[in-house]
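Everything below concerns the one structure shown next.
Sequential numbering from 1 along the given sequence is applied to the chain's residues.
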Amino acid sequence: MLLVVCRDKGTAEWAAEPIRIGLEKHPSLAVYPLVLGPHNVPMVTDAARAAEDLPMAVFSAITHSNDHDIAAILDALAEALRATDADAAAVFAEFTEAGLGATPARELWRNLMGTGLSHFRGFVAESFRDEGRLESRGEDILRILAVRGVAVPDEARQRITDCKDLAVLDVWFERAVTAPTADAVFDES
């Protein structure tokens, strides 16, 4: 599916035309884009409604970014994002900012979110760092066992790679240095 998001009705109407590929009188393929624009995306100015459908609220902000009601749309979206979980809020906040492009609405969004947007960015960056540390520590454990010639059954490998607790992985890492078997890495005694 080809999704096109436009800020003005004229561009949206142009983008909605089918794209024909092949010979002029015998196209072998025609693509009919799904076009979102100010003419077919509702203005979401109520925070409760925005919270019910965050993607629609984001598309509302982007497609109506040149509209005189953009402040109300962005206010509703910001309030809805503050009430949702931080992971989702961070993604939607970033997508909104990018989608607003070089419009005055983007500056309004940045001012409206203020430290909130920075907080979301920080949360996302921290989450990726933590995920990287977890993955790296799990790989380190498996590598130590491999270098030492310790067989690692699939179940043990899965347990190590699925672990999301860095403190537990640190303990397993230390045990992997001397453990005679993969099961000994998990030994709680």
Side-chain angles (χ1 to χ4, degrees), residues 1-5 31 33-36 41 44 46-63 73-101 106 109-110 112-189:
M1 176 180 291
L2 174 60
L3 174 65
V4 180
V5 181
V31 177
L34 172 59
V35 179
L36 301 180
V41 174
V44 180
D46 177 68
R49 185 169 171 216
E52 288 173 9
D53 191 350
L54 285 171
M56 181 56 72
V58 170
F59 284 127
S60 176
I62 294 169
T63 59
I73 294 168
L74 294 176
D75 283 339
L77 177 57
E79 188 176 331
L81 290 180
R82 288 186 191 102
T84 193
D85 79 273
D87 284 332
V91 171
F92 287 120
E94 288 286 336
F95 189 79
T96 301
E97 183 175 340
L100 292 172
R106 184 177 189 177
W109 179 246
R110 286 178 171 172
L112 181 63
M113 294 304 288
T115 58
L117 193 54
S118 298
H119 167 75
F120 290 140
R121 284 187 182 127
F123 181 84
V124 169
E126 185 177 320
S127 295
F128 282 124
R129 271 195 307 274
D130 289 348
E131 187 66 33
R133 288 175 51 201
L134 290 169
E135 184 178 326
S136 177
R137 183 53 63 153
E139 289 171 358
D140 292 343
I141 294 166
L142 295 171
R143 185 164 185 223
I144 287 172
L145 294 171
V147 167
R148 293 187 54 241
V150 176
V152 182
D154 288 342
E155 184 178 302
R157 180 177 305 280
Q158 192 69 40
R159 185 171 176 189
I160 291 167
T161 59
D162 286 350
C163 183
K164 300 298 181 208
D165 187 331
L166 194 55
V168 170
L169 287 169
D170 285 341
V171 170
W172 292 351
F173 176 81
E174 290 173 10
R175 290 180 186 160
V177 174
T178 58
T181 66
D183 286 338
V185 170
F186 309 119
D187 189 11
E188 297 294 326
S189 56

Spacing of [X] atom [atom1] and [Y] atom [atom2] [to the nearest 0.5 Å]:
X    : Y    : atom1 : atom2 : value
L81  : T96  : CG    : OG1   : 6.5 Å
L77  : L54  : CG    : CG    : 7.0 Å
W172 : D187 : CH2   : CG    : 12.0 Å
E94  : E97  : CD    : CD    : 6.0 Å

Review point. Where do F173 and V185 land on the side-chain contact (heavy atoms from CB on, under 4.5 Å) test, with the steps shown first?
Key: CA-CA 8 Å; F173 176 81; V185 170; over 6 Å; no
Residues that [X] engages under side chain to side chain contact (heavy atoms under 4.5 Å, CB included), provided they are two or more places apart:
X    : result
L112 : L74, D75, A78, W109
P180 : A184
I73  : M43, T45, S60, A61, H64, I70

Review point. Closest heavy-atom contact between A51 and A80?
Key: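 The answer is N-CB, 3.6 Å.
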Point to revise | Residue pair F186, I160: steps toward the side-chain contact (heavy atoms from CB on, under 4.5 Å) verdict | key: CA-CA 9 Å; F186 309 119; I160 291 167; 3.8 Å; yes
Exercise for review: List in chain and number order the residues that pass side chain to side chain donor-acceptor pair (under 3.5 Å) with D165, two or more places apart in sequence or in another chain; answer none if no residue qualifies.
Suggested key: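 Side chain to side chain donor-acceptor pair (under 3.5 Å) check on D165 returns nothing, list empty.
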Exercise for review: Determine, step by step, whether T63 and V5 satisfy the side-chain contact (heavy atoms from CB on, under 4.5 Å) criterion, reporting the C-alpha distance in whole Å, the side-chain angles of both residues, the deciding distance to 0.1 Å, and the verdict.
Suggested key: CA-CA 7 Å; T63 59; V5 181; 3.7 Å; yes
Exercise for review: Quick one: do D170 and R137 satisfy salt bridge (Lys or Arg N to Asp or Glu O under 4.0 Å)? Show the steps, please.
Suggested key: CA-CA 7 Å; D170 285 341; R137 183 53 63 153; 3.5 Å; yes
Point to revise | Contact list for residues 146-159, test side-chain hydrogen bond (donor to acceptor under 3.5 Å, both in side chains), sequence neighbours left out | key: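 Those involving residues 146-159 are Q158-D162.
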Review point. Are the side chain of R106 and the backbone of A98 linked by a donor-acceptor contact shorter than 3.5 Å?
Key: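 Side chain of R106 to backbone of A98, a donor-acceptor pair under 3.5 Å: no, none is there.
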Ignoring hydrogens and angles, write down the donor-acceptor pairs under 3.5 Å from the side chains of residues 139-147, residues two or more places apart or on other chains.
none

